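We use all heavy atoms of the structure for the numbers below, so side chains are in, but hydrogens, waters and symmetry mates are not. Since the structure is predicted, the reported quantities are computational estimates derived from the model, not experimental observations.
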Amino acid sequence: MEYVESQKVHVEFRMDSVSSQYQSEAAGHPVYVEKPFITIAIPGQPNTIIDTVADIGYQQRFPEQWARFKAGNVDEVVNGWRLESWPAVNTAQVKTLKHMGVHTVEMLADMSDAACQNVGMGTMELRTKAKAAVAAAAGGAQAEQYAAENKRLRDEMDALREQVAKMSAAQEAGDEPAPRRPGRPARRAEGQEA
C-alpha cells in the first residue's frame, strides 16, 4: 500500500473489543479485550478503507490524531477547514462528500481526478473552487502575519522616537548629565591639572 500524507486522509481512532483466543481457551468461554483500532479513509475512494488494530506504526504515523484520541477529544479528529463551514457547498454536497471520505476543504482540494470522478458530477469544479479557497485562506493568513509584524515595528519605532525626543529635550534644557559612577578617574589631557 502506498503511503499518503496524513493531511490527505481521514483518520479515526477508536476502542473496540476483539476476541482473545488464549484467554478464551483458558476460561472455557469467549473472552474479549479492548484494543485501539484505526479507520483510514482516502477521500473519494470509499472502497479503500483500512480498519484494523492501531499498532505502534499507525500511532507514530498519525501522532496528532493519536494524541487527540488518547486525550479523549474524539470529536476533533478533523484537521483543517470543515466542509460545513465552507459557503461554496450545500448540505447535500457536504453529506455526499463526507460519505466519500472527504471531511475538509483541504482534502477536497487535494483529490485526484479519479477520486473526483468516483464522487460524481460537479466534483472537479468543486475541487477547483476548493483549491482557490485554500490558496486565498493561506494568502489571508500571510497578510495577517505581515500586518501584525508591521504594527509591532511601528510601535517599536514610536517608542524609540519618544525616547529620542526626551533625550533631545533634556539636552536642550541644559540638564546636567548623570553623575559618573565610582571607579577609575577620567583621563585628563596633557597639561590639564587635576
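Salt-bridge formation is detected for the pair D51/R14: a Lys NZ or Arg NE/NH1/NH2 atom is positioned less than 4.0 Å from an Asp or Glu carboxylate oxygen. Using a 4.0 Å cut-off between charged side-chain N and carboxylate O, D155 and R152 make no salt bridge. Salt bridge D110/K131: absent, no basic N to carboxylate O contact under 4.0 Å.
The distance from the CZ atom of R127 to the OG1 atom of T123 is 9.5 Å, given to the nearest 0.5 Å. Between atom CE of residue M107 and atom NE2 of residue H10 there is a gap of 6.5 Å, rounded to the nearest 0.5 Å. The CZ atom of R61 sits 11.0 Å away from the CG atom of D55 when rounded to the nearest 0.5 Å. Between the CG atom of L97 and the CH2 atom of W86 there is a distance of 8.5 Å, given to the nearest 0.5 Å. Taking CG of N90 as the reference point, atom CG of L83 lies at 11.0 Å (rounded to 0.5 Å). Note that CZ of R161 is 13.0 Å distant from OG of S168, once rounded to the nearest 0.5 Å.
Counting all heavy atoms, side chain and backbone alike, L126 lies closest to L108 at O-CD2, 3.9 Å. Here the closest non-hydrogen pair linking K35 and V53 is CD-CG1, 4.4 Å. In terms of heavy atoms, Q60 sits closest to P63 at O-CD, 3.3 Å. Counting all heavy atoms, side chain and backbone alike, A41 lies closest to I49 at CB-CG1, 4.2 Å. Shown here for C116 and M124, the closest heavy-atom pair between the two residues is CB-CG, 3.7 Å. The nearest pair of heavy atoms linking Q59 to P36 is NE2-CG, 4.4 Å.
Ring-plane geometry between W66 and F69 is classed as tilted, the angle between the planes lying from 30 to 60 degrees on a 0 to 90 degree scale.
Side-chain contact between V11 and T39 is absent, with no heavy-atom pair separated by less than 4.5 Å. Two residues are said to be in side-chain contact when any heavy atoms from C-beta on lie closer than 4.5 Å; K129 and E125 meet this criterion. Put simply, the side chain of Q65 reaches to within 4.5 Å of the side chain of F13, judged on heavy atoms.
Residues V134 and V119 are members of one and the same hydrophobic cluster, defined by side-chain heavy-atom contacts under 4.5 angstrom among Ile, Leu, Val, Met, Phe, Trp and Tyr. Transitive grouping of hydrophobic side chains (ILVMFWY, heavy atoms separated by less than 4.5 Å) keeps I40 and F37 in distinct clusters.
Counted within 6.0 Å of CD on Q21, heavy atoms from surrounding residues, nucleotides or ligands total 12 or fewer; the atom is thus considered open. Heavy atoms from other residues, nucleotides or ligands lying under 6.0 Å from CD of E156 number more than 12.
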Requested in this report: Dump the intermediate steps for side chain to side chain contact (heavy atoms under 4.5 Å, CB included) on D16 and V18, then the final yes or no.
Outcome: CA-CA 7 Å; D16 208 345; V18 292; 5.7 Å; no
